[in-house]
Enquirer: 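Structure below; questions to follow.
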Amino acid sequence: MTDSLDSTPATPTEDVAATEPAIQAVAAAESAETGVPTEESAGSGEFRSVDEQIALTLDAAVRPRPVRVAISEAQGLLCAEEVVAEHALPGFDQAAVDGYAVRSVDVQTAGQEPVQLPVVGEIPAGSRQPRRLQPGQAVRVDTGAPLPTLADAVVPTAYTDGHQAKVTIHRSVPSAGYVRRAGEDVQIGDVAVRKGDTIGSAQVGLLAAVGRAKVLVYPRPRVSIVSVGDELVDIDRTPSVGQVYDVNSYALAAAARDAGAEVSRVGIVPGDPKRLREVVEGRLLMSEIVVVAGGAGGSSGDEVHAALSDLGHIDMTRVAMHPGSVQGFGRLGPDSVPTFLIPGNPMSALVVFEVLVRPLIRTARGTRNPHRRVVGARLLSSITSTKGRRGYLRGQLLRDEANGEYLVQPLGTSGAHLLASLAEANCLITVEEDLTEVAAGDQVKVTFLAQRA
C-alpha cells in the first residue's frame, strides 16, 4: 500500500460530476451478466452482509507450511521463526572512520595545543593480524579495520595533518569516539528478525550480517485462476461474432500476484461440466485458493455449481454488495481448499476479488492486517447507490496541498467504460448499505488501491 498520491489541490469539474449513470450502468451490467435482477426490480430478497461473507472466507484461510530458503530467495516473504543472533554485530571493535587509532588519554589536550604521536603501523580493513598499541603511539586505520589492543578511540584524518611517520593531532576525541564497539548493533542472543516480519532488503542484509545463509519463511499461497465460458478466446486469437477476449484470467492473476500469491493462470475452460470438474479437481491438489471466474449467476452459474458440487459444498448466495452480489464460496477437495465462484463481468470480478479474495490471500500469507488502508475523504461529486447493498465505486483519490485533506472524485460515466475507469482508479469509494445517495462535500470511506506509476 502506498500513501503517495496526486498532491495537486483537487477541484470539482463539471464533466465528471454525473456519476448516477455509472452507478446504474454497474447494476445493469451485473444484472445482464448474472441473470439476476437488480435490487429495484427484484424487490426484497435475502442478502448476506459483506462483513459476514468476509468473515466466512477468512475463516477458511490455510497457511502453507513453512519452508527454509536461502536468504537471497526470501525477499517479500514472511519470516516463520525468531532469528536469534549467534554472532555479535559488529564482531569486534572497529574504526568508524579513516584515521588514527589512539589512546584517548594521549590526545586529551589536543584541543588546547597540537599533540604529536609517532605512527607505528597501519591496519587496513579486513586485517587479521593482531597489533598492540603502546602509550603515546598511533596506528593508521581504515574504516572497518579492527582496533589495536589498548586503543579506545580513533582520531579522524580531518583532525590531523595526515602524516604517516609522525602525526600532528589538532582536536581531542573522547573514549569510544569514532569506534564501533563489538555488539553495538546486535548482541549475541538478540532477535535479529522477528517471526511474522516481512523480509525486505534491510532484513536480508541483517540476516547476512549475523551469518544466516537460510531462513524459515511462509511460502506464498498458491492461487489458481480459471475462466469459464464458451464465448471466451485467448488474446492471441481474433474473436469471432459472439466471442470476447478472456480478460478475467489475466486481470485476476495480476491481482493475485499483487496480493502476494504464487499464481497459476489456468486460462479458459469451456462450459463442459466434465472438463471443468477435471480441471478444478486437479488444481485443488496444488493450490491453497482456487478462483473460478464466470462461475456465478444465470444458467451457466448453475451448471458450474452442479459440476463442482460433488467435490464439496459450495454456498451460492447473494451478498449485499454491488457490483458482484451473486457469488459462490466453498471448501472443495480432500484438503478443503477455499474456492470462489465469481461473476464473469471483469468489473464485477475485480471488485469481488478486491473485497473477498485478496484479504484471504493476505491472511494465508500470515499478514497481520489483511485489509488495505482506509481513509476518510471529501466527495467532489454526488453519487447514488443501490438501497440495501454496500456500493464499491471507482475513484481518484487526491490530497489538498494546502491542508492535507483527502479528496475523492468518482470515475466512470457509462457501462462501456467500467473496466477502463477501474484502470484509472487509485481507490474504491465505499457507500454503506443504508445510503442511496451521497452529496458532494460529504465524507466517505475510501480504500487505497495500488498506486499507478
Enquirer: Shortest non-hydrogen contact from A296 to G328?
Expert: CB-N, 4.5 Å
Enquirer: Knowing that exactly one of V352, I342, V357, V223 qualifies, which makes a side chain to side chain contact (heavy atoms under 4.5 Å, CB included) with L252?
Expert: I342
Enquirer: For a quick check under 3.5 Å, do S325 and R318 share a side-chain donor-acceptor pair by atom type?
Expert: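 No pair is found: no donor N or O on one side chain lies under 3.5 Å from an acceptor on the other.
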Enquirer: Any side-chain donor paired with an acceptor under 3.5 Å for Q409 and S381?
Expert: yes
Enquirer: Using the ring of each side chain (for Trp, its six-membered ring), is F340 parallel, tilted or perpendicular to F329, with breaks at 30° and 60°?
Expert: tilted
Enquirer: Taking E433 first and then R390, would you say they form a salt bridge - that is, a charged N and a carboxylate O separated by under 4.0 Å?
Expert: yes
Enquirer: Show the nearest heavy-atom pair for residues H87 and I188, with the distance to one decimal.
Expert: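 H87 and I188 have their closest heavy atoms at C-CG1, 3.9 Å.
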Enquirer: Given the rule in the salt bridge (Lys or Arg N to Asp or Glu O under 4.0 Å) test, do D315 and R48 qualify, once you have shown the distances and angles that lead to the verdict?
Expert: CA-CA 11 Å; D315 178 29; R48 179 178 294 153; 2.6 Å; yes
Enquirer: Looking at T143 and D98, would you say the former's side chain and the latter's main chain have a donor-acceptor pair under 3.5 Å?
Expert: yes
Enquirer: In terms of side-chain geometry, is the basic nitrogen of R399 or E405 positioned less than 4.0 Å from the acidic oxygen of its partner?
Expert: no
Enquirer: Quickly, which of R372, R220, R362 forms a salt bridge (charged side-chain N to carboxylate O under 4.0 Å, His left out) with D258? Name it, please.
Expert: R372
Enquirer: Grab the two heavy atoms, one from A60 and one from P338, that are nearest each other, plus how far apart they are.
Expert: O-CG, 3.2 Å
Enquirer: What I'd like to find out is whether the side chain of V233 reaches to under 4.5 Å of the side chain of Y245, using heavy atoms alone.
Expert: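 Yes. Closest side-chain heavy atoms under 4.5 Å.
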Enquirer: Any idea which heavy atoms bring S227 and D246 closest together, and the distance?
Expert: OG-OD1, 2.9 Å
Enquirer: How close do A95 and D142 get, counting heavy atoms only, and between which atoms?
Expert: CB-O, 3.5 Å
Enquirer: Does R222 pair with E288 as a salt bridge, N-O distance under 4.0 Å?
Expert: yes
Enquirer: I'd like to know whether D197 forms a salt bridge (Lys or Arg N to Asp or Glu O under 4.0 Å) with R368, so could you lay out the CA-CA distance, the side-chain angles of the two residues, the decisive distance to 0.1 Å, and finally the verdict.
Expert: CA-CA 9 Å; D197 285 352; R368 294 187 181 97; 3.6 Å; yes
Enquirer: If you take all heavy atoms of S49 and A320, which pair is closest and at what distance?
Expert: CA-CB, 4.4 Å
Enquirer: Indicate yes or no: does R275 engage D230 in a salt bridge with an N to O separation below 4.0 Å.
Expert: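 Looking at R275 and D230, the cut-off is not met.
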